[in-house]
Amino acid sequence: MLAFSLAEARDALRTRKISAVELTDAYLRAIEALNPQLNAYVLPTPDLARAQARAADAALARNEAGPLTGIPLAIKDLFCTKGVRTTAASRILEPFVPPYESTVTANLLRDGAVFLGKANMDEFAMGSSNMTSAFGPVTNPWTRRGDNRPLVPGGSSGGSAASVAARMALGATATDTGGSIRQPASFCGLVGIKPTYGRCSRWGVVAFASSLDQAGPLARTVRDAAILLGSMAGYDPKDATSADVPVPDFAAACARGVKGLRIGIPREYFSDGMPEEISAIWRQGQQWLREAGATVVDVSLPHTKYALATYYIVAPAEASSNLARYDGVRFGLRRDGADLTELYENTRAEGFGDEVKRRVLIGTYVLSAGYYDAYYLKAQKVRALILSDFTSVFREVDALLTPTAPSAAFGQGEKMDDPVTMYLNDVFTVPANMSGIPGLSVPAGLDAQGLPLGLQVLGKPFDEETVFAVAGAIEQAAGFSAVPTIRADA
Ligand code: GLN
């Protein structure tokens, strides 16, 4: 049962080959068996899941099934869930139980989904390895051939990715501010899409950097990701940046093919230090698309080289402002002091981890009176140039193909000495956040050590359909069927 894709499970539920309770129980057993080892969930919610599964079976019996009725999902602990503790993997929110449901998770519940629990992540979604979680690291279910040292699942949506890869969830919600859906997808052999900014409501999603944050799904196939995004997306009057545009049938787009499409290869993404395995898989992807009938052309995005530096000004600036609300007064952790200032200091010193403190310091610095023009304002100008690069290449091509990440999954504890080494993980993913365009990672193959490598497809704003079509073609050509070492159906 755990081997079903989401689309297959949905068919099996509708034809009554399996019941929603059976499917949910199988996943709950998987969580019980593997979570102590992988730490993918910070809070499994078995009672809630069983109640939702029973309701799903009742809906199925009445022939009133929605698009996700009975489908068990993991929910990144950045999404507020009514009556269920939501922490953003931070100690500062540890006692917080939201009295409301985020719009994205409410949309999933409307469509019949079952929630298995809250997934681990980097604290406040800041990180690329899941090492910054207050609940400890997540272990990637994949290991190098002949080497069982634990690897990171990527971040910040590491728990979401590990749970889907290890068959502890059929799909998961995730968020992506600079790559946090796509990089874990690449590290765990999954499909993950960050849709266009505004496609999914941010209401009820704990804010990191509001002009960059977008929700999206992690899944085992392109079609599964398309089905999930179809439920998550949609206009929401409660989020002023939510786009009032129709949600197309993403799943139908997956099998469209790429005949006649023009695919751009941005030459600036080819960095000198790029490992041969990454450039080889990238060339392979171009070849697959040519064979499937696309025209592959060389394009230039000249401001790409500034994207990472600009991101690490804009994202911390917005984070420092968003995180000012954790003051110990209104909600979450409170550590009293002699006066109000001491209360703030004690609460924030104890509640925030090192990476979050680093971001607050950088953000406050670049926004401070003497440095605002030199850093923040300059970064905003460069951001406009990054967007205009994309706008001009999308006059010539329908989509772009790049690697998702500069490496495969690395070991737990690696890249921890110097924060900049960790930030370099995001070099290929941040441009999509800076410009708001959709980006998807699809598994393309394995490296020499048997670890998955993903390719990234970037598309025009609100043209996720073409992104899914290109990813579908790559998925078909790649025939990626490798499975992780640690998984519930092993
Ligand atoms: N790794 C990036 C960061 O730490 C991106 C995180 C994200 O997308 N949430 O900022």
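Ligands are counted one by one from 1 in listed order, and the atoms in each one are counted from 1 as well.
The environment of Asp418 atom CG is dense: over 12 non-hydrogen atoms of other residues, nucleotides or ligands sit within 6.0 angstrom.
Those atoms of ligand 1 that come under 4.0 Å of a heavy atom in Asp176, given as number and element, are 8 (O). Each of the atoms 6 (C), 7 (C), 9 (N) of ligand 1 lies under 4.0 Å from some heavy atom of Ala125. Interface of Gly178 with ligand 1, defined as ligand atoms under 4.0 Å from a residue heavy atom, comprises 5 (C), 7 (C), 8 (O). Heavy-atom contacts of Met126 reach the following atoms of ligand 1: 4 (O) (cutoff under 4.0 Å). Within ligand 1, the atoms closer than 4.0 Å to a non-hydrogen atom of Phe208 are 9 (N), 10 (O), numbered from 1 in the order shown. The Asp426 neighbourhood of ligand 1 comprises atoms 1 (N), 2 (C), 3 (C), with distances under 4.0 Å to a heavy atom of that residue.
The aromatic ring centres of Tyr311 and Tyr423 sit 6.0 Å or more apart. Phe208 has its ring centre no less than 6.0 Å from the ring centre of Phe124.
The pair Arg202-Asp213 fails the salt-bridge criterion, with no side-chain N (NZ, NE, NH1 or NH2) lying under 4.0 Å from an Asp/Glu carboxylate O. Looking at Arg182 and Asp176, a side-chain N of the basic residue comes within less than 4.0 Å of a carboxylate O on the acidic one, giving a salt bridge.
Judged by the shortest distance from any of its heavy atoms, Gln183 lies outside the 4.0 Å radius around the atoms of ligand 1. Distances from ligand 1 to the non-hydrogen atoms of Gly127 include at least one value under 4.0 Å.
For Ser156, every heavy-atom contact with ligand 1 shorter than 4.0 Å involves the side chain, none the backbone. Neither the backbone nor the side chain of Phe124 comes within contact range of ligand 1; no heavy atom lies under 4.0 Å. With a 4.0 Å cut-off on non-hydrogen atoms, Tyr311 touches ligand 1 through its side chain and not its backbone. No part of Glu355 comes within 4.0 Å of ligand 1, judged by heavy-atom distances.
Donor-acceptor pairing under 3.5 Å is lacking for the side chains of Asn433 and Thr177.
Taking the ring axis of Tyr41 as reference, the NZ or CZ atom of Lys118 does not stay both within 45° of it and closer than 6.0 Å to the ring centre.
Using cut-offs of 30° and 60° for the angle between ring planes, the Tyr269 and Phe428 rings count as parallel. Classification of the Tyr100-Trp203 ring pair by plane angle, with boundaries at 30° and 60°, yields tilted.
Taking only nitrogen or oxygen atoms, main chain and side chain alike, Ser128 reaches within less than 3.5 Å of ligand 1.
Scanning the protein heavy atoms around atom 3 (C) of ligand 1, the nearest turns out to be Tyr312 OH, 3.2 Å. Ranking the protein heavy atoms by distance from atom 6 (C) of ligand 1 puts Ser180 OG, 2.8 Å first.
For Asp224 (side chain) and Leu6 (main-chain N/O), a donor-acceptor pair under 3.5 Å exists by modelled atom type.
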